[in-house]
Amino acid sequence: MSRLLIIGAIFSEVLYAMSVELPPYRPIKHRSGLKVMGAAFHALLMRELQTRFGGYRLGYLWAPLEIMFQVAIYLIIFGTIMTRVMPGIDYMLFLVAGLVPFRMMSTIATRSLGAVEANQGLLMYRSVRHIDVIIARSFLELIIYFFTFVLLLAILFFIGIPISFAQLHIVLFCWITLFLFGFGLALIMMVVGYYGGEISKIISLVFTILYFASGIIYSIHIIPEPYFSYLLYNPFIHNIELMRHALAPNYPAYHIDIGYFLEWTIAVNFLGLLIYKAVERDLIRSK
């Protein structure tokens with residue numbers, strides 16, 4: 001009798017379960033690799049924005065204000081002297097066309113030194129790779145400094161500084177290639193910052209030397225030979241000088257070799273990707 005009661009109870013439970021309406025079956029949607037990368041890029045970009053500007057009341061305006069302050073300081077110190085020796089370009093335009101793009105490139109490279117440690121929390125997720133961090137940081141710097149560049153050009157044009165807009169495609173080309181150069185450097189700097197230890201501390205010094213050797217605040221045409229020819233081994237000079245010539249066609253261009261800069265860009269990116277692929281497994285194991 002007890003067995004019959006148990007069987008009856010089990011049978012009634014089965015009937016009740018069959019009468020309950022189950023939710024419709026929905027297959028799990030697997031996101032593609034591009035969607036996963038896009039989500040990781042968005043998360044990294046938002047984090048970089050918050051880290052970079054979240055602590056300032058002025059927010060995103062701080063970047064153009066910082067550049068404007070530097071331009072004003074250089075105008076006060078060197079304006080009178082440089083205006084007399086500047087060949088075919090206003091000194092304010094000369095500064096903007098050199099200072100802003102170089103700062104973009106150097107910031108991309110130097111901020112990548114601590115990219116691994118600064119994003120260690122997000123790097124714990126398997127979908128986030130170290131190169132995603134570099135892409136997000138580099139892209140953010142490009143947006144910030146290009147917006148600053150356009151804003152400053154608009155201000156200069158408004159106050160009457162002569163600017164040529166006939167070769168804006170060359171200006172855009174210079175920005176893109178300089179960004180790619182900075183991206184290749186960023187990959188190298190990320191590995192240097194992770195393994196370098198004390199070596200990473202002298203990187204800022206190296207970029208300071210490059211800053212003064214790239215003709216950012218002075219025209220390289222005032223440098224006599226043979227030192228003028230020595231300066232042309234610096235690849236950044238050719239990119240920045242071409243940008244200045246595009247914005248002010250009277251500015252001399254006989255010394256520019258953009259092909260030389262492109263060769264450096266390809267070599268730096270190849271070396272950066274090669275080094276990154278060589279240490280990628282070690283970086284993943286350190287997550």
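Nothing fancy with the numbering, it's 1 onward along the sequence.
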- Task: May I ask you to check whether F181 and F261 place their ring centres under 6.0 Å from each other?
- Result: yes

- Message: Once side chain to side chain contact (heavy atoms under 4.5 Å, CB included) is applied, do any residues pair with I217, and if so which ones, sequence neighbours excluded?
- Response: Y74, F78, Y91, L95, Y211, F212

- For L232, what residues pass the side chain to side chain contact (heavy atoms under 4.5 Å, CB included) criterion, not counting sequence neighbours? I220, F228, I237, H238, H255

[X] side, atom [atom1]; [Y] side, atom [atom2] - distance, nearest 0.5 Å:
X: T148; Y: E141; atom1: OG1; atom2: CD; value: 10.0 Å
X: Q70; Y: L65; atom1: CD; atom2: CG; value: 12.0 Å
X: T208; Y: I203; atom1: OG1; atom2: CD1; value: 11.0 Å

Taking C-beta and beyond as the side chain, do [X] and [Y] meet within less than 4.5 Å on heavy atoms?
X: L180; Y: V268; answer: no
X: L187; Y: I275; answer: no
X: P252; Y: H245; answer: no
X: I89; Y: N250; answer: no
X: I170; Y: M243; answer: no
X: M104; Y: W175; answer: yes
X: M190; Y: L113; answer: no
X: F236; Y: E241; answer: no

- In sequence, state the C-alpha distance, the side-chain angles, and the governing distance for F146 and F179, and then conclude on side chain to side chain contact (heavy atoms under 4.5 Å, CB included). CA-CA 10 Å; F146 188 74; F179 166 74; over 6 Å; no

For [X] and [Y], which heavy atoms make the closest approach, and how far apart are they?
X: I240; Y: G98; result: CG2-CA, 3.6 Å
X: F207; Y: A109; result: CZ-CB, 3.5 Å
X: S164; Y: P249; result: CB-CD, 3.5 Å
X: V96; Y: P101; result: O-CD, 3.6 Å
X: I108; Y: G182; result: CG2-O, 3.4 Å
X: F183; Y: S138; result: CD1-OG, 3.8 Å

- Query: What do the steps show when you test F165 against I163 for side chain to side chain contact (heavy atoms under 4.5 Å, CB included), and what is the final call?
  - Reply: CA-CA 6 Å; F165 297 103; I163 302 175; 3.9 Å; yes

- Could you give me the CA-CA distance, side-chain angles and deciding distance for L153 and L93, then say whether side chain to side chain contact (heavy atoms under 4.5 Å, CB included) is met? CA-CA 8 Å; L153 285 185; L93 178 59; 3.6 Å; yes

Within the side chain of [X], is there an N or O that forms a donor-acceptor pair under 3.5 Å with the backbone of [Y]?
X: R137; Y: R111; result: yes
X: S219; Y: G215; result: no
X: R244; Y: A97; result: no
X: N239; Y: C174; result: yes

- Task: Please lay out, stage by stage, how I223 and Y230 fare under the test side chain to side chain contact (heavy atoms under 4.5 Å, CB included).
- Result: CA-CA 10 Å; I223 306 298; Y230 296 156; over 6 Å; no

- Message: Looking at Y145, I'd like to know if the NZ or CZ of R103 sits under 6.0 Å from its six-membered ring centre while staying within 45 degrees of the ring's axis.
- Response: no

